[in-house]
S.K.: 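Before I ask anything, let me first share the structure, which is written out below as structure tokens.
Everything numeric here is computed off the predicted structure, so don't read it as measured data. Order of the sequence lines fixes the chain letters, A, B, ..., with proteins taken first and strands second; residue numbering starts at 1 for each chain.
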Amino acid sequence: MGSERGNGGERLRAAFSGDRVALMPYLTAGYPTLDGAAEVGEAYIAAGADVVEIGVPFSDPLADGPTIQDTTTRALENGANLDYCLKLASGLADRVPVVFLVYCNVVFARGAEAFLDAVAAAGVSGLVIPDLPVGEIEDFAQLAEERGVALCPLAAPTSSDERLEKIGRCATGFVYCVSVAGVTGTREALPSGAIELLRRVRSLTDAPVALGFGIGSARTAAEAAAEADGVIIGSKLMQIVAEDGLEKATAWLREVREAMSGISGAKVGG
Amino acid sequence: MRQKVEEQGRDGYFGAFGGRYVPETLIHALDELEEAYERYRDDPEFLAELNGLARDFVGRPTPLMFAERLTKKWGGANVWFKREDLAHTGAHKINNALGQILLAERMGKRRIIAETGAGQHGVATATVAALYGKECVVYMGEEDTRRQAPNVLRMKLLGTEVRPVTSGSGTLKAALNEAIRDWVTNVEDTHYIIGTVAGPAPYPRIVRDLQTVIGKELEAQSHERFGADPDAIVACVGGGSNAIGAFHPFIGREDVRLIGVEAAGRGMETGEHGASLTGGSPGVLHGNMSYVLQTEDGQIREAHSISAGLDYPSVGPEHAYLKDENLVEYVSVTDDEALAAFVMTSRLEGIIPALETSHAIHHAAAVARELGPGKNVVINISGRGDKDIGVVAEAIGMDAHEAEEAGSDG
């Protein structure tokens with residue numbers, strides 16, 4: 001099953017199974033412009049991205065801090081609808097696995113099955129749906145599995161061990177560990193709870209583990225890389241794109257890639 | 001053990017509506033709240049504290065008043081007002097805020113946050129936070145801080161920090177987004193007092209239960225005053241807490257018509273309204289599945305209503321269920337109709353009702369005439385309208401510095 005580019009979960013696991021920790025930069029579809037977002041994706045791949053996370057703009061992104069909110073507001077003004085996001089993903093998905101970050105109302109408005117058919121056809125490997133937690137995701141998970149689209153559920157420092165086990169079982173892509181109780185944004189240091197969460201998830205599940213929310217420097221990325229299979233960077237990149245342009249953002253991403261090199265992480269098997 | 005509510009099938013659901021569509025970080029806090037609620041809801045000490053404050057601090061029970069002049073004017077059923085406007089702080093919102101601060105105290109939370117539209121829930125929350133000595137932050141859309149300025153001052157006087165929210169249209173939807181973001185960030189020491197029967201489970205059920213004091217009193221008072229259940233109960237619906245509270249004991253009784261009145265804003269045909277049930281479709285906003293105003297692509301639309309409390313593009317999930325099961329009728333009333341009812345009620349009954357409430361009053365005229373003489377219709381006067389006088393004066397062109405003759409009461 002799955003799209004012509006293969007099963008999403010398998011593609012993602014392949015990206016985590018190399019000898020380096022996966023670099024997973026985020027971009028907001030439609031930001032800074034409709035065409036500009038594709039350039040951002042190309043630049044990320046050139047800078048060494050192993051997975052590209054594409055944010056599908058939503059009017060009320062409750063899990064996002066001000067930086068990403070500003071980009072999604074602009075993207076919606078630019079006309080970034082779901083069909084545009086699918087085209088953008090399709091243009092990148094031949095080279096790297098693409099993951100959508102999408103809020104559940106956008107999914108349900110299209111219809112769960114029609115949405116999954118569309119993302120599979122566009123070659124999207126996995127989905128992060130921040131407002132569809134374990135407890136609500138089960139019916140959808142069944143439909144996603146039938147179509148070879150992987151799910152990447154969130155795990156939080158506040159999650160119980162029992163929930164982390166369930167989250168791990170749902171994670172046909174990877175477990176998206178949220179570094180801190182909070183919204184997306186940039187933080188100077190890696191919160192102490194982040195490493196603890198990564199270790200708890202690691203001990204309770206077999207799924208690959210990525211860390212996101214607040215990775216704001218090459219140093220914190222390297223710290224995260226020592227414990228995770230992947231490092232997700234969003235707000236910091238969007239902030240540099242907004243303030244200093246894409247070239248600066250790409251240069252910074254290369255620094256991060258460099259800082260993470262030689263760190264093999266606490267890899268999952270295979 | 002958890003006591004399941006009859007109409008809820010899956011935990012936290014009302015039919016297909018409700019649920020917990022929130023980031024994982026909040027699930028623990030929702031579990032904690034649910035546990036606390038199950039533990040204390042029937043606890044004698046908790047109930048003694050709640051009922052004691054409801055009596056001495058809030059002033060319950062609120063009266064059921066016969067609106068004699070309106071009854072005459074409309075020439076139909078007897079019209080009764082359930083006077084939630086007489087509750088402390090001027091609206092039904094205090095019933096919920098009080099119950100939740102008692103829960104927050106027992107959960108050991110030192111900090112309280114809330115969102116507010118018209119400011120009535122913000123004031124109620126600021127009030128109970130002061131009573132219990134809690135730090136309190138209220139998020140309010142910037143546009144709403146302007147049109148409900150007196151309530152901003154009241155909150156500040158009560159020691160609450162009011163944070164204006166500029167994103168989106170600067171109204172209730174944006175305030176909720178910011179409150180949820182605050183809660184995600186400060187979940188360990190903060191309790192979020194949601195102001196209506198929306199949000200993720202268990203909020204819709206907790207707020208409903210706390211507001212059901214309205215309906216229980218109404219039932220007893222109706223039997224005392226006219227020896228029967230009301231033939232109809234009319235209430236305005238934004239998020240829907242005053243309506244659920246008034247309706248709940250009567251749901252499923254065949255001889256009681258329950259009517260929820262949404263904001264038709266500038267008219268349903270203009271698309272500028274706040275009527276999620278009569279003009280929306282199923283979707284997810286602020287943690288629950290309900291009816292929402294949205295585009296084909298699932299983007300949430302901005303609502304519009306002259307009343308800040310109805311200016312919201314969704315509605316509590318239990319209302320969505322009650323609509324689909326045909327247990328409650330839902331209609332909508334425009335800004336202009338509500339304004340006319342506001343002015344009429346002020347002049348005819350000596351009560352300045354909230355603009356939200358004025359929507360229900362307008363529609364009650366038609367209901368009273370349909371029912372006819374000898375029947376009884378109750379309007380839930382969910383709040384008082386002092387907060388709205390600036391908006392109303394501007395809308396009807398009234399000037400404090402010009403002498404003006406009082407209009408005839410027709």
Side-chain angles (χ1 to χ4, degrees), chain A residues 56-66 69-70 72-73 76 79-85 102-111 115 128-137 153-160 162-164 166-167 175-185 193 213, chain B residues 10-13 16 18-32 165-169 172-190 199-201 281-290 292-302 313-314:
Chain A
V56 178
F58 179 52
S59 53
D60 295 81
L62 319 160
D64 286 306
Q69 279 177 52
D70 287 349
T72 55
T73 303
L76 287 170
N81 60 20
L82 180 58
D83 289 334
Y84 158 82
C85 297
V102 58
Y103 286 85
C104 66
N105 200 53
V106 173
V107 176
F108 295 155
R110 179 65 60 106
F115 177 87
V128 179
I129 312 178
D131 55 351
L132 197 65
V134 164
E136 302 294 351
I137 203 171
L154 265 50
T158 53
S159 304
S160 65
E162 190 193 342
R163 282 190 68 84
L164 290 181
K166 286 184 189 165
I167 287 164
V175 177
Y176 188 136
C177 289
V178 172
S179 70
V180 65
V183 293
T184 57
F213 280 41
Chain B
R10 202 141 68 96
D11 266 0
Y13 271 81
R20 282 185 178 177
Y21 296 87
V22 292
E24 174 66 22
T25 306
L26 291 180
I27 297 290
H28 175 70
L30 294 170
D31 282 342
E32 190 181 55
V165 179
T166 52
S167 58
S169 65
L172 183 53
K173 177 176 80 124
L176 258 143
N177 287 340
E178 281 312 308
I180 292 172
R181 290 182 185 120
D182 180 314
W183 200 32
V184 173
T185 307
N186 300 294
V187 65
E188 286 303 325
D189 68 352
T190 297
S281 55
V284 171
L285 179 65
H286 297 144
N288 67 90
M289 171 77 73
S290 185
V292 299
L293 302 179
Q294 58 185 324
T295 67
E296 209 173 292
D297 235 23
Q299 307 297 339
I300 307 301
R301 284 169 38 203
E302 297 294 346
S314 185

S.K.: I want to check something: taking the side chain as every heavy atom from C-beta on, are A/Y103 and B/V284 in contact at a cut-off of under 4.5 Å?
M.R.: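 The answer is no; the side chains never approach within 4.5 Å.
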
S.K.: Among the options A/G135, A/C104, A/P157, pick out the one with the most heavy-atom pairs lying under 4.5 Å from chain B.
M.R.: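 Highest number of pairs under 4.5 Å: A/C104.
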
S.K.: Looking at chain B, which one of A/A156, A/A109, A/P133 has the largest number of heavy-atom pairs inside 4.5 Å, strictly under?
M.R.: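 Heavy-atom pair counts peak at A/P133.
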
S.K.: Please identify, among A/G182, A/P153, A/P66, the residue contributing the most non-hydrogen atom pairs under 4.5 Å to chain B.
M.R.: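 Highest number of heavy-atom pairs under 4.5 Å: A/G182.
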
S.K.: In Å and rounded to the nearest 0.5 Å, what is the CG to OG distance from B/D31 to A/S160?
M.R.: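 Going from CG on B/D31 over to OG on A/S160, the span is 7.5 Å.
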
S.K.: Can you say whether A/F108 sits under 4.5 Å from chain B via the side chain, the backbone, both, or neither, judging by heavy atoms?
M.R.: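 Only the side chain of A/F108 comes within 4.5 Å of chain B.
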
S.K.: Atom CD in A/E136, atom CD1 in B/I27: separation rounded to 0.5 Å?
M.R.: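 Going from the CD atom of A/E136 to the CD1 atom of B/I27 covers 7.5 Å.
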
S.K.: Considering only heavy atoms from C-beta outward, does the side chain of A/L62 approach that of B/P23 to under 4.5 Å?
M.R.: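 Sidechains of B/P23 and A/L62: in contact.
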
S.K.: Could you tell me which non-hydrogen atom of A/A181 sits nearest to which non-hydrogen atom of B/V187, and how far apart they are?
M.R.: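 Taking every non-hydrogen atom into account, CB-CG1, 4.4 Å.
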
S.K.: Measuring from B/D297:CG to A/Y84:OH, what's the distance to the nearest 0.5 Å?
M.R.: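 So the gap between those two atoms works out to 13.5 Å.
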
S.K.: Output the option from A/P130, A/A63, A/G65 having the highest count of non-hydrogen pairs under 4.5 Å with chain B.
M.R.: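 The option with the most such pairs is A/P130.
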
S.K.: Without swapping roles, check the side chain of A/S59 against the backbone of B/Q299 for a donor-acceptor pair under 3.5 Å.
M.R.: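 Not confirmed, A/S59 side chain does not pair with B/Q299 backbone.
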
S.K.: Please tell me if the side chains of B/L285 and A/N105 come closer than 4.5 Å, counting only heavy atoms from C-beta onward.
M.R.: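 No. Closest side-chain heavy atoms not under 4.5 Å.
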
S.K.: What part of A/I167 gets closer than 4.5 Å to chain B, counting heavy atoms only: side chain, backbone, both or neither?
M.R.: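 Just its side chain gets close to chain B.
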
S.K.: Between A/L132, A/L76, A/V180, which has the largest tally of heavy atom pairs under 4.5 Å with chain B?
M.R.: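 With the most close heavy-atom pairs to chain B, the winner is A/L76.
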
S.K.: Is there a side-chain contact between B/E24 and A/V178, using heavy atoms and a 4.5 Å cut-off?
M.R.: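 Counting from C-beta outward, B/E24 and A/V178 never come under 4.5 Å.
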
S.K.: Determine whether a donor-acceptor pair (N or O, by modelled atom type, separation under 3.5 Å) exists between the side chain of B/R181 and the backbone of A/P61.
M.R.: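 Present.
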
S.K.: Only counting residues at least two apart or in another chain, list the ones meeting side-chain hydrogen bond (donor to acceptor under 3.5 Å, both in side chains) with A/T158.
M.R.: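 A/T158 satisfies side-chain hydrogen bond (donor to acceptor under 3.5 Å, both in side chains) with no other residue.
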
S.K.: Heavy-atom distance under 4.5 Å to chain A: side chain of B/I300, backbone, both or neither?
M.R.: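 For B/I300, the contact with chain A is made by backbone and side chain together.
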
S.K.: What salt bridge (charged side-chain N to carboxylate O under 4.0 Å, His left out) pairs are there with at least one residue in residues 56-65 of chain A, not counting sequence neighbours?
M.R.: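 Applying salt bridge (charged side-chain N to carboxylate O under 4.0 Å, His left out) to every pair that reaches into residues 56-65 of chain A, excluding sequence neighbours, yields A/D60-B/K173.
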
S.K.: When you check the gap from the basic side-chain N to the acidic O, do B/E296 and A/R110 get nearer than 4.0 Å?
M.R.: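 Looking at B/E296 and A/R110, the cut-off is not met.
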
